[in-house]
Amino acid sequence: MSMMWFIVLVAAATVAAQPKAGCPTTCGDLHIPYPFGTTQGCYKDEDFFINCDTSSAKPIANYSTTTIQVLDISLHGQLRLAGWLSWDCYNSNADHSWSFFWIRLGQFAISNTNNKFVVVGCDTYAFIDDFWGRRFTTGCTSICKSLDDVINATCSGIGCCYSSFPKGNMGYNVTLKSYNNHSQVLDFNPCSYGFVVEDGAYTFSSLDLINLRQRNDFPVVIDWGIGDENCSQATKNTTTYACMDNTVCVDSESAPGYFCTCKDGFQGNPYLSGSDGCQDIDECSNRTSNLCSQTCHNLYGTYTCSCLPGYKGNGFKNETGCVLEDKSNGFPVMQVALGITVSLLLLGIFISSLCWVQRKRKLIIIKKKFFEQNGGMLLQEQLSERIGYNDMAKLFSEEELKAATDNFHESKILGRGGQGTVYKGTLPDKRVVAIKKSRIADQNQVKDFINEVLLLSRINHRNVVKLLGCCLETEVPLLVYEYIPNNTLLHHIDPSMKLSCLPWKTRLRIAAETAGAISYLHSAASIPIIHRDIKSSNILLDHNYIAKVSDFGASRLVPLDQTQITTLVQGTLGYLDPEYLQTSQLTEKSDVYSFGVVLLELLTGKKVVEVNRPEEDRNLAMYFVSSMKKDRLFEVLDSRVVDEKNVGQLREVAILASRCIRVKGEERPTMKEVSMELEGLIAKEKHPWDGKNTNSEENEHLLGQIYGTGSGSTSNSMGFESMRNQVTFEMESGR
Ligand SMILES: *[C@@H]1O[C@H](CO)[C@@H](O)[C@H](O)[C@H]1NC(C)=O
Ligand SMILES: *[C@@H]1O[C@H](CO)[C@@H](O)[C@H](O)[C@H]1NC(C)=O
Ligand SMILES: *[C@@H]1O[C@H](CO)[C@@H](O)[C@H](O)[C@H]1NC(C)=O
Ligand SMILES: *[C@@H]1O[C@H](CO)[C@@H](O)[C@H](O)[C@H]1NC(C)=O
Ligand SMILES: *[C@@H]1O[C@H](CO)[C@@H](O)[C@H](O)[C@H]1NC(C)=O
Ligand SMILES: *[C@@H]1O[C@H](CO)[C@@H](O)[C@H](O)[C@H]1NC(C)=O
Ligand SMILES: *[C@@H]1O[C@H](CO)[C@@H](O)[C@H](O)[C@H]1NC(C)=O
Ligand SMILES: *[C@@H]1O[C@H](CO)[C@@H](O)[C@H](O)[C@H]1NC(C)=O
């Protein structure tokens, strides 16, 4: 055990009003100004004695009679001493050695605003107090269980804590304690440490828990003062007052007494008289500060500036400086010119802002007009009636869609069609969408348009492109669809597009998916929808070549009490139902015809209208029918897909297609029938035992593999779905 302490005794005031001549003012690198001094007669009193130890190569300045090193002396009432550490170290035998520090200063005080009491340790609580009548006791607790818990540079009670202490302490006494003799943390923290240190000068590190004992460079800030009277008392006794000429008295921050500083405009040592004391600063000789713009005149304690003849202003650079005098009869040309310019500018700004407001207002009115014209009111009404419906169409603002498409930039165009231009856009939520600027701006169609928007936004079929919403603030309505990345079916079957050729199996699946979607539109949706523009370029493909029927711009709703409606004939040449063309009577069978043509495209890979074919064969439907009649089917089939295995299927699809393109609508099958037939073909291929070869071994094998053996592919996929759900569920409940 050991105990370490320092005491500074206050010596009887041996007042030296001024140091003797030739006093050393340095100790090594340290500058030592009076009232501090190193030799007898050179310091004001014992409190200001600095013991310069020159025994080693590098002189050490010790404070007074202690072994505490002085780091820095400021004439502004402060000095820094090298910190001293208290420690308390344990070993595995629960023995401990310790060194607690306490200090009493004579007249000086430990600065409470510039220092903190810091404690480092993992099984530590520590106090700091003063002795004189126990004016205060304060401290903190620092605990940690492992090195992983501590945070570097954070002193918040885990490995490190700190506390402040009150003002006016002329000493302190540190005590360190442990809860468990560091027995739990011995391997990484055998010691507790406590020390007072200048605020900001110590940064805690986990390494300090292992060893801090070597450190003795923590600065501690001490407030010092002359005597024990404050300025108002001290200035009264001119025989003892320490401040010399051209000085001001300042009360010490926390110690008794005062210190002195030079007045503004003077520099030097305020405790000295004569040439070392506070002397006038010649501001004019300082080229770096350069305070006047033309001529500078140094005065006692200050300076003044003036301007040369022909210039005006006060000459102070920080104020008006010097400017050339105006000779033009005192008429302030500059000011007037400036005034006019400024007024014109203001007027301009005012007018343009007026115009801007006007334009903005006009724009709002236009937007509102378009909104109403495009049926925005109607849509809003409908929307509010159906609140709670999840997949409701969203009303996008024009700004939103402009932002999404770079203001409808050319580079964002995905395609141009009969119904409008399609842009690719990215919504703020990162969803990629296709935005169609439709062409309809016909007042009469508004109601239907709104109905369609509402209806389509609610169609949730995996093979129909989803409508996300629309924007009605523009002259033509904008429709926002989900973005389908893999081009149209046409791109993938037309050899001239030079894209990879779709295998027959995929073509058949796409046909079935498309037929399913149209069938759904015709029958399953709440109000039948006739697409009116089924064609391969309106069937989009996603990453997995899943078909998505798109472009309902021409679509018509069929009121429930009607099976046909009369419209202006509209559609695409080659796909257009000839009966509808003749009668203008639109029925669901028109879509069947168009779909039949799509089937022909899938079968033949040929263009729907081909000018290079003989005149009677230009139209693919007519060409196909005549080929079938002549029993030359295999001459028109796409040679890229025909192989031994699928000839049967190709023939069946060809027969189905030719039924779809019958001239009389009545004779065509319904979309539902077409869809079921195609599904049936796919299912038959999947389960060949349904047909001819019934091999019992294979049968068992397939039964074991495929869950459920429904005849349609739909029931199969549902079986998988529910089986998968069950597995998921079991996995979750198992945990
Ligand atoms: C000054 O302090 C140092 C420790 O900081 C000590 O080693 C040295 O002996 C002291 N010198 C005097 C003259 O007290
Ligand atoms: C410092 O404090 C401890 C206990 O808090 C006490 O035992 C010790 O005597 C004090 N030291 C001095 C010099 O007063
Ligand atoms: C700490 O060690 C002391 C003896 O050095 C012993 O009296 C005390 O019981 C120990 N405390 C704990 C918590 O181990
Ligand atoms: C703290 O910093 C020291 C290096 O300064 C590093 O070695 C130590 O791993 C750090 N501790 C933590 C807990 O980050
Ligand atoms: C100076 O000290 C006297 C006596 O202690 C006190 O009355 C006075 O208020 C003090 N003045 C200032 C400015 O603190
Ligand atoms: C000034 O201080 C000196 C020395 O302490 C003392 O002798 C003297 O009486 C004081 N004068 C006044 C006016 O207080
Ligand atoms: C000159 O002025 C600059 C800026 O005011 C100041 O930092 C510098 O100490 C001055 N130099 C002298 C020699 O006074
Ligand atoms: C400019 O400097 C002069 C001299 O230092 C000072 O008196 C004056 O207040 C300053 N003016 C401003 C506007 O800072």
Side-chain angles (χ1 to χ4, degrees), residues 4-86 99 101-111 114-115 169-172 174 195-202 213-227 242 252-255 257 259-261 268-272 276:
M4 195 183 186
W5 53 271
F6 296 95
I7 189 157
V8 179
L9 291 171
V10 191
T14 50
V15 180
Q18 288 285 292
K20 49 182 201 192
C23 281
T25 54
T26 57
C27 177
D29 296 335
L30 182 72
H31 178 62
I32 303 169
Y34 187 79
F36 292 89
T38 57
T39 49
Q40 191 80 49
C42 288
Y43 44 91
K44 186 162 173 47
D45 60 45
E46 293 298 330
D47 280 339
F48 297 94
F49 171 49
I50 305 293
N51 186 359
C52 189
D53 184 352
T54 50
S55 60
S56 57
K58 196 170 179 291
I60 302 168
N62 287 350
Y63 178 63
S64 199
T65 53
T66 69
T67 54
I68 300 165
Q69 205 185 329
V70 179
L71 300 173
D72 174 51
I73 299 171
S74 150
L75 280 181
H76 285 273
Q78 288 190 325
L79 79 151
R80 275 185 190 76
L81 302 181
W84 44 91
L85 196 71
S86 296
S99 162
F101 182 87
W102 60 265
I103 187 174
R104 277 179 189 160
L105 296 166
Q107 282 293 303
F108 299 169
I110 313 294
S111 168
N114 292 292
N115 298 306
N169 297 304
M170 286 178 231
Y172 61 80
V174 171
F195 49 96
V196 172
V197 63
E198 182 178 7
D199 216 359
Y202 170 71
R213 269 172 78 172
Q214 311 303 323
R215 297 282 299 269
N216 63 349
D217 55 352
F218 297 130
V220 177
V221 179
I222 308 291
D223 286 331
W224 59 263
I226 309 265
S252 173
E253 178 120 351
S254 66
F259 61 91
C260 315
T261 61
N269 187 323
Y271 304 96
L272 297 179
D276 292 327

Closest non-hydrogen atom pair, Ile226 against Lys44: CG2-CE, 3.3 Å
For residues 59-81, which residue pairs qualify under salt bridge (Lys or Arg N to Asp or Glu O under 4.0 Å), counting only residues two or more places apart or in two chains? Asp72-Arg80, Arg80-Glu198
Which residue pairs pass the salt bridge (Lys or Arg N to Asp or Glu O under 4.0 Å) test when at least one of the two sits in residues 57-68, sequence neighbours left out? none
Does the side chain of Tyr63 come within less than 4.5 Å of Ile50's, by heavy atoms? yes
How about Gln78 and Asn114: do any of their side-chain heavy atoms sit closer than 4.5 Å? yes
Please identify each residue that fulfils salt bridge (Lys or Arg N to Asp or Glu O under 4.0 Å) with Asp199, with sequence neighbours left out. Lys116
Are side-chain heavy atoms of Val70 and Ile32 found at a separation under 4.5 Å? no
Has the side chain of Tyr202 got a donor or acceptor atom that lies under 3.5 Å from a matching backbone atom of Pro219? no
Any heavy-atom pair between the side chains of Val197 and Val220 that's under 4.5 Å? no
Please answer whether the main-chain N or O of Cys260 pairs with a side-chain N or O of Tyr271 as donor and acceptor at a distance below 3.5 Å. yes
Could you tell me which residues satisfy ring pair (Phe, Tyr, Trp, His ring centres under 6.0 Å) with Phe48, sequence neighbours excluded, listed by chain and number? Phe36, Phe108, Trp224
Given side chains that start at C-beta, do those of His31 and Thr25 come closer than 4.5 Å, heavy atoms only? yes
With side-chain contact (heavy atoms from CB on, under 4.5 Å) as the criterion, how do Ile110 and Ile222 come out once you've worked through the C-alpha distance, each side chain's angles and the decisive distance to 0.1 Å? CA-CA 5 Å; Ile110 313 294; Ile222 308 291; 3.8 Å; yes
Does any N or O in the side chain of Asn269 come within less than 3.5 Å of the main-chain N or O of Tyr34, such that one atom is a donor and the other an acceptor? yes
Would you say the side chain of Leu85 lies within less than 4.5 Å of the side chain of Ser99, judging by non-hydrogen atoms? no
At their closest point, which heavy atom of Thr38 faces which heavy atom of Cys52, and how far apart are they? CG2-CB, 4.1 Å
State which residues pass side chain to side chain contact (heavy atoms under 4.5 Å, CB included) with Ala255; sequence neighbours excluded, sorted by chain then number. Ala109, Asp223, Ser252
Partners passing salt bridge (Lys or Arg N to Asp or Glu O under 4.0 Å) against Glu253 (at least two apart in sequence or in another chain): none
Between Gln69 and Asn62, which heavy-atom pair has the shortest distance, and what is it? CA-OD1, 4.1 Å
Val174/Trp102 under side-chain contact (heavy atoms from CB on, under 4.5 Å): CA gap, chis, key distance, verdict: CA-CA 6 Å; Val174 171; Trp102 60 265; over 6 Å; no
